[in-house]
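Input: a single structure, listed below in C-alpha coordinates.
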Amino acid sequence: MVIKINLLATIQISNYAFFDFLPKHRKGKEGVIINIASIAGLYPFHMFPDYSASKHGVVAYTQALGANAHYQHTQVKVMALCPGGTDTEIWTGMQEYYKQFINDIEFTYQPVEIIGESFIKVLKEGNNGSIWIIKNSEPVFEFDYKSETLPIITKQIF
Ligand SMILES: NC(=O)C1=CN([C@@H]2O[C@H](COP(=O)(O)OP(=O)(O)OC[C@H]3O[C@@H](n4cnc5c(N)ncnc54)[C@H](O)[C@@H]3O)[C@@H](O)[C@H]2O)C=CC1
Ligand SMILES: CCCCCC(=O)/C=C/C=C\C/C=C\C/C=C\CCCC(=O)O
(Lines give C-alpha, C1' and ligand atoms only; values in the text may rest on other atoms or scores of the structure.)
(Ligands and ions follow the chains in the order given, each with its own letter.)
Protein backbone atom coordinates (compact mmCIF):
# COMPACT_ATOMS: atom_id res chain seq x y z
CA MET A 1 0.00 0.00 0.00
CA VAL A 2 2.71 2.50 0.93
CA ILE A 3 4.49 1.81 -2.36
CA LYS A 4 1.26 2.51 -4.26
CA ILE A 5 0.58 5.82 -2.49
CA ASN A 6 4.10 7.18 -2.04
CA LEU A 7 5.80 5.88 -5.17
CA LEU A 8 3.31 4.88 -7.87
CA ALA A 9 1.04 7.87 -7.27
CA THR A 10 4.03 10.24 -7.32
CA ILE A 11 5.22 8.74 -10.59
CA GLN A 12 1.77 8.87 -12.15
CA ILE A 13 1.01 12.46 -11.22
CA SER A 14 4.51 13.69 -12.09
CA ASN A 15 4.37 11.98 -15.47
CA TYR A 16 1.00 13.58 -16.08
CA ALA A 17 2.36 17.02 -15.13
CA PHE A 18 5.57 16.53 -17.13
CA PHE A 19 4.18 15.09 -20.35
CA ASP A 20 0.67 16.48 -20.48
CA PHE A 21 -0.39 19.28 -18.11
CA LEU A 22 2.69 21.54 -18.14
CA PRO A 23 3.34 21.41 -21.90
CA LYS A 24 -0.29 22.39 -22.53
CA HIS A 25 -1.06 24.86 -19.76
CA ARG A 26 2.04 26.56 -18.41
CA LYS A 27 2.24 30.33 -18.88
CA GLY A 28 5.97 30.97 -18.31
CA LYS A 29 8.90 29.58 -20.28
CA GLU A 30 9.74 27.02 -17.59
CA GLY A 31 7.74 24.50 -15.55
CA VAL A 32 8.71 23.03 -12.15
CA ILE A 33 7.76 19.78 -10.39
CA ILE A 34 8.79 19.35 -6.73
CA ASN A 35 8.25 15.88 -5.30
CA ILE A 36 8.12 15.18 -1.57
CA ALA A 37 10.50 12.39 -0.59
CA SER A 38 12.15 12.07 2.85
CA ILE A 39 15.50 11.66 4.53
CA ALA A 40 14.36 8.03 4.69
CA GLY A 41 14.67 8.13 0.87
CA LEU A 42 18.38 8.94 1.11
CA TYR A 43 19.39 6.64 3.96
CA PRO A 44 17.71 3.30 4.75
CA PHE A 45 15.62 3.82 7.89
CA HIS A 46 14.99 0.79 10.08
CA MET A 47 11.70 2.06 11.52
CA PHE A 48 10.03 2.22 8.10
CA PRO A 49 11.43 -0.36 5.65
CA ASP A 50 8.59 -0.21 3.09
CA TYR A 51 8.26 3.56 3.47
CA SER A 52 12.02 3.98 3.10
CA ALA A 53 11.97 1.88 -0.09
CA SER A 54 9.12 3.97 -1.51
CA LYS A 55 10.97 7.23 -0.82
CA HIS A 56 14.23 5.92 -2.33
CA GLY A 57 12.11 5.28 -5.42
CA VAL A 58 10.84 8.87 -5.39
CA VAL A 59 14.42 10.19 -5.19
CA ALA A 60 15.65 7.95 -8.04
CA TYR A 61 12.66 8.81 -10.21
CA THR A 62 13.17 12.54 -9.56
CA GLN A 63 16.83 12.40 -10.49
CA ALA A 64 16.16 10.39 -13.64
CA LEU A 65 13.33 12.63 -14.88
CA GLY A 66 15.39 15.61 -13.70
CA ALA A 67 18.29 14.74 -16.01
CA ASN A 68 19.23 17.67 -18.20
CA ALA A 69 18.68 15.54 -21.29
CA HIS A 70 14.95 15.85 -20.55
CA TYR A 71 15.07 19.53 -19.65
CA GLN A 72 16.52 20.40 -23.04
CA HIS A 73 13.33 19.03 -24.64
CA THR A 74 10.74 20.14 -22.10
CA GLN A 75 12.03 23.12 -20.06
CA VAL A 76 10.49 21.43 -17.01
CA LYS A 77 12.64 21.18 -13.87
CA VAL A 78 12.09 18.19 -11.55
CA MET A 79 13.36 18.33 -7.97
CA ALA A 80 12.61 16.72 -4.59
CA LEU A 81 12.49 17.75 -0.95
CA CYS A 82 13.69 15.34 1.73
CA PRO A 83 12.35 16.43 5.12
CA GLY A 84 13.51 14.90 8.38
CA GLY A 85 11.08 14.38 11.24
CA THR A 86 8.35 17.00 11.04
CA ASP A 87 5.45 17.64 13.40
CA THR A 88 2.46 16.26 11.49
CA GLU A 89 -0.23 13.60 11.84
CA ILE A 90 1.84 11.06 9.93
CA TRP A 91 3.57 9.87 13.09
CA THR A 92 0.26 8.68 14.55
CA GLY A 93 -0.21 6.29 11.61
CA MET A 94 2.78 4.04 12.29
CA GLN A 95 2.26 0.32 12.38
CA GLU A 96 2.22 -1.16 15.91
CA TYR A 97 5.37 -3.27 15.47
CA TYR A 98 7.51 -0.27 14.50
CA LYS A 99 6.42 1.90 17.45
CA GLN A 100 8.84 0.05 19.77
CA PHE A 101 11.74 1.69 17.88
CA ILE A 102 10.53 5.26 18.34
CA ASN A 103 13.04 5.93 21.14
CA ASP A 104 15.92 4.95 18.81
CA ILE A 105 15.60 8.27 17.03
CA GLU A 106 16.92 11.37 18.67
CA PHE A 107 15.59 14.24 16.59
CA THR A 108 13.11 16.86 17.60
CA TYR A 109 10.17 17.25 15.23
CA GLN A 110 10.62 20.43 13.23
CA PRO A 111 7.54 22.66 12.71
CA VAL A 112 5.70 22.15 9.45
CA GLU A 113 6.06 25.84 8.46
CA ILE A 114 9.73 25.30 7.64
CA ILE A 115 8.71 22.94 4.83
CA GLY A 116 6.63 25.67 3.16
CA GLU A 117 9.41 28.25 3.44
CA SER A 118 11.95 25.78 2.06
CA PHE A 119 9.63 24.83 -0.79
CA ILE A 120 9.51 28.48 -1.95
CA LYS A 121 13.30 28.80 -1.79
CA VAL A 122 13.83 25.60 -3.81
CA LEU A 123 11.15 26.63 -6.30
CA LYS A 124 13.02 29.89 -6.94
CA GLU A 125 16.63 28.71 -6.73
CA GLY A 126 16.84 24.94 -7.27
CA ASN A 127 18.58 23.41 -10.27
CA ASN A 128 17.00 20.68 -12.34
CA GLY A 129 17.42 17.23 -10.74
CA SER A 130 18.48 18.64 -7.36
CA ILE A 131 17.52 16.95 -4.07
CA TRP A 132 17.11 19.08 -0.93
CA ILE A 133 17.28 18.22 2.77
CA ILE A 134 15.22 19.99 5.45
CA LYS A 135 16.11 18.73 8.92
CA ASN A 136 16.16 19.89 12.54
CA SER A 137 14.77 23.32 11.56
CA GLU A 138 18.03 24.17 9.74
CA PRO A 139 17.99 26.15 6.48
CA VAL A 140 17.24 23.87 3.53
CA PHE A 141 20.40 22.60 1.79
CA GLU A 142 21.15 20.55 -1.32
CA PHE A 143 22.08 16.89 -0.87
CA ASP A 144 25.60 16.30 -2.16
CA TYR A 145 25.42 13.00 -4.03
CA LYS A 146 29.05 13.13 -5.07
CA SER A 147 30.30 12.85 -1.51
CA GLU A 148 27.50 10.63 -0.16
CA THR A 149 26.62 7.92 -2.69
CA LEU A 150 27.38 6.48 -6.09
CA PRO A 151 26.89 9.04 -8.85
CA ILE A 152 23.83 8.81 -11.05
CA ILE A 153 24.42 7.13 -14.42
CA THR A 154 25.43 9.55 -17.16
CA LYS A 155 27.54 7.16 -19.25
CA GLN A 156 28.06 3.42 -19.64
CA ILE A 157 29.61 2.22 -16.37
CA PHE A 158 29.11 -1.57 -16.54
N1 LIG B 1 6.03 14.34 8.82
C2 LIG B 1 7.25 13.90 8.59
O3 LIG B 1 8.07 13.68 9.54
C4 LIG B 1 7.69 13.70 7.18
C5 LIG B 1 6.81 13.62 6.12
N6 LIG B 1 7.26 13.40 4.86
C7 LIG B 1 6.36 13.32 3.72
O8 LIG B 1 5.59 14.48 3.63
C9 LIG B 1 4.37 14.18 2.92
C10 LIG B 1 3.22 14.75 3.70
O11 LIG B 1 3.13 14.03 4.93
P12 LIG B 1 2.62 14.67 6.30
O13 LIG B 1 2.03 16.01 6.04
O14 LIG B 1 3.71 14.55 7.29
O15 LIG B 1 1.54 13.61 6.68
P16 LIG B 1 0.00 13.74 7.07
O17 LIG B 1 -0.38 12.39 7.51
O18 LIG B 1 -0.19 14.89 8.02
O19 LIG B 1 -0.69 14.14 5.70
C20 LIG B 1 -0.78 13.21 4.65
C21 LIG B 1 -2.00 13.58 3.82
O22 LIG B 1 -2.09 12.64 2.76
C23 LIG B 1 -3.45 12.28 2.61
N24 LIG B 1 -3.53 10.95 2.01
C25 LIG B 1 -3.14 9.78 2.54
N26 LIG B 1 -3.41 8.76 1.69
C27 LIG B 1 -3.96 9.32 0.59
C28 LIG B 1 -4.46 8.81 -0.63
N29 LIG B 1 -4.40 7.50 -0.90
N30 LIG B 1 -4.95 9.66 -1.54
C31 LIG B 1 -5.00 10.98 -1.28
N32 LIG B 1 -4.54 11.54 -0.14
C33 LIG B 1 -4.04 10.71 0.78
C34 LIG B 1 -4.00 12.30 4.02
O35 LIG B 1 -5.39 12.43 4.00
C36 LIG B 1 -3.30 13.53 4.59
O37 LIG B 1 -4.03 14.71 4.34
C38 LIG B 1 4.33 12.67 2.77
O39 LIG B 1 4.77 12.34 1.47
C40 LIG B 1 5.37 12.19 3.80
O41 LIG B 1 5.92 10.95 3.44
C42 LIG B 1 8.60 13.30 4.60
C43 LIG B 1 9.50 13.36 5.60
C44 LIG B 1 9.14 13.60 6.96
C1 LIG C 1 15.39 10.36 10.53
C2 LIG C 1 14.27 9.79 9.71
C3 LIG C 1 13.31 10.80 9.30
C4 LIG C 1 12.16 10.14 8.58
C5 LIG C 1 11.22 11.16 8.23
C6 LIG C 1 9.99 10.55 7.68
O7 LIG C 1 9.87 10.41 6.47
C8 LIG C 1 9.00 10.26 8.62
C9 LIG C 1 7.96 9.49 8.36
C10 LIG C 1 7.05 9.28 9.43
C11 LIG C 1 6.11 8.38 9.48
C12 LIG C 1 5.83 7.36 8.44
C13 LIG C 1 4.50 6.77 8.84
C14 LIG C 1 3.93 5.82 8.24
C15 LIG C 1 4.60 5.16 7.08
C16 LIG C 1 3.61 4.28 6.40
C17 LIG C 1 3.74 3.00 6.41
C18 LIG C 1 4.85 2.36 7.10
C19 LIG C 1 4.74 0.87 6.90
C20 LIG C 1 5.85 0.21 7.61
C21 LIG C 1 7.06 0.15 6.78
O22 LIG C 1 7.54 -0.96 6.59
O23 LIG C 1 7.56 1.15 6.29
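Residue indices begin at 1 and follow the sequence shown. Just so it is clear, the values below take in all heavy atoms, side chains as well, and ignore hydrogens, waters and symmetry mates. Indexing begins at 1, ligand by ligand and atom by atom, following the structure's order.
In this structure, atom 12 (P) of ligand 1 is in close contact with the protein, since a protein heavy atom lies within 4.0 Å of it. Note that atom 23 (C) of ligand 1 has no protein non-hydrogen atoms nearby, at separations under 4.0 angstrom. Per-atom contact check: atom 40 (C) of ligand 1 touches the protein, criterion being a heavy-atom distance below 4.0 Å. Protein heavy atoms all stay at least 4.0 Å away from atom 32 (N) of ligand 1. For atom 6 (N) of ligand 1, a protein heavy-atom neighbour is present inside the 4.0 Å cut-off. Within a 4.0 Å radius of atom 36 (C) of ligand 1, the protein has no heavy atom. Distance check for atom 1 (N) of ligand 1: a protein heavy atom is found below 4.0 Å. Within a 4.0 Å radius of atom 20 (C) of ligand 1, the protein contributes no heavy atom.
Interface atoms of ligand 1 facing Ile36, defined by a heavy-atom separation under 4.0 Å, are 7 (C), 8 (O), 9 (C). In the vicinity of Pro83, heavy-atom distances shorter than 4.0 Å reach the ligand 1 atoms 42 (C), 43 (C), 44 (C). Each of the atoms 1 (N), 2 (C), 3 (O) of ligand 1 lies under 4.0 Å from some heavy atom of Trp91. Here is the list of ligand 1 atoms found below 4.0 Å of a heavy atom in Gly85: 3 (O).
Between Ala37 and ligand 1 there is a heavy-atom distance shorter than 4.0 Å. Contact between Gly84 and ligand 1 is present, with at least one heavy atom of the residue lying under 4.0 Å from the ligand. The closest approach between a heavy atom of Lys4 and any atom of ligand 1 is not below 4.0 Å. Residue-ligand proximity: Ile105 is placed with every non-hydrogen atom at 4.0 Å or more from ligand 2.
Between the CG atom of Leu81 and the CD1 atom of Ile115 there is a distance of 7.5 Å, given to the nearest 0.5 Å. To the nearest 0.5 Å, the span separating CE on Met47 from OH on Tyr97 amounts to 11.0 Å. The CG atom of Asn136 lies 9.0 Å from the CD1 atom of Ile114; values are rounded to the nearest 0.5 Å. Here the OH atom belonging to Tyr51 is positioned 6.0 Å from the CG atom belonging to Asn6, to the nearest 0.5 angstrom. One finds the CG atom of Leu8 at 13.0 Å from the CD1 atom of Ile13 (value rounded to the nearest 0.5 Å).
Given atom 3 (O) of ligand 1, the protein heavy atom at minimum distance is Thr86 N, 2.8 Å. The single protein non-hydrogen atom nearest to atom 20 (C) of ligand 2 is Tyr98 CE1, 3.5 Å, given as residue, atom name and distance. If you check which protein heavy atom lies closest to atom 1 (C) of ligand 2, you get Phe107 CE2, 3.5 Å. Given atom 15 (O) of ligand 1, the protein heavy atom at minimum distance is Ile90 CB, 3.4 Å. Protein heavy atom at the shortest distance from atom 14 (O) of ligand 1 is Thr88 OG1, 2.5 Å. For atom 16 (C) of ligand 2, the closest non-hydrogen atom on the protein side is Val2 CG2, 3.9 Å. At the top of the distance list for atom 19 (C) of ligand 2, counting protein heavy atoms only, stands Gln95 NE2, 3.7 Å. Looking only at heavy atoms of the protein, atom 38 (C) of ligand 1 is closest to Lys55 NZ, 3.9 Å. Considering only non-hydrogen protein atoms, atom 11 (C) of ligand 2 sits nearest to Phe48 CZ, 3.6 Å. Protein heavy atom nearest atom 3 (C) of ligand 2, with residue, atom name and distance: Gly85 N, 4.0 Å.
Contacts of Tyr109 with ligand 1, taken as heavy-atom pairs under 4.0 Å, are absent altogether. When non-hydrogen atoms are compared, ligand 1 lies under 4.0 Å from the side chain of Ile5 (C-beta onward) but not from its backbone.
Where the criterion is an N or O separation shorter than 3.5 Å, residue side chain and backbone included, Ser38 fails it with respect to ligand 1. At a 3.5 angstrom cut-off on N or O pairs, Asn6 does not count as close to ligand 1.
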Between Ile33 and Met79, does a side chain to side chain contact (heavy atoms under 4.5 Å, CB included) hold up when you go through it step by step? CA-CA 6 Å; Ile33 295 171; Met79 304 181 276; over 6 Å; no
Chi angles and distances behind the side chain to side chain contact (heavy atoms under 4.5 Å, CB included) call for Val76, Val32: CA-CA 5 Å; Val76 174; Val32 181; over 6 Å; no
Would Trp91 and Phe48 satisfy ring-ring contact (aromatic ring centres under 6.0 Å, His included), going step by step from the backbone distance to the final call? CA-CA 11 Å; Trp91 290 94; Phe48 311 126; 5.7 Å; yes
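Contacts classified as side-chain hydrogen bond (donor to acceptor under 3.5 Å, both in side chains) and involving residues 110-122 (residues at least two apart or in different chains) are given here: Thr86-Gln110, Lys121-Glu125.
Taking all atoms of both residues into account, the shortest heavy-atom contact from Cys82 to Ala37 is SG-CB, 3.9 Å. Taking each heavy atom of Lys55 and Ser38 in turn, the nearest pair found is CG-CB, 3.9 Å. Considering all non-hydrogen atoms of both residues, His70 and Leu65 come closest at CD2-O, 3.4 Å. Heavy-atom minimum distance, Glu30 versus Lys77: OE1-CE, 3.5 Å. Heavy-atom minimum distance, Val2 versus Ser54: O-CB, 4.0 Å. Residue Asp87 comes nearest to Tyr109 through the heavy atom pair N-CB, 3.9 Å, listed as atom of the first residue, atom of the second, then distance.
For Ser14, the side chain to side chain donor-acceptor pair (under 3.5 Å) partners are Asn35, not counting sequence neighbours.
Ring orientation note: the planes of Tyr16 and Phe21 are tilted relative to one another, at an angle of 30° to 60°.
Among Ala37, Ser38, Ser52, the residue whose heavy atom lies closest to atom 6 (C) of ligand 2 is Ser38. Remark: among candidates Thr86, Asp50, Asp104, the nearest residue to atom 22 (O) of ligand 2 is Asp50, based on non-hydrogen atoms. Residue Phe45 holds the heavy atom nearest to atom 2 (C) of ligand 2 of all those in Phe45, Trp91, Tyr51.
Side-chain contact check for Tyr98 and Asp50: no donor-acceptor pair (N or O, by modelled atom type) lies under 3.5 Å.
In the hydrophobic cluster analysis, where Ile, Leu, Val, Met, Phe, Trp and Tyr join through side-chain heavy atoms closer than 4.5 angstrom, Tyr61 is grouped together with Ile3.
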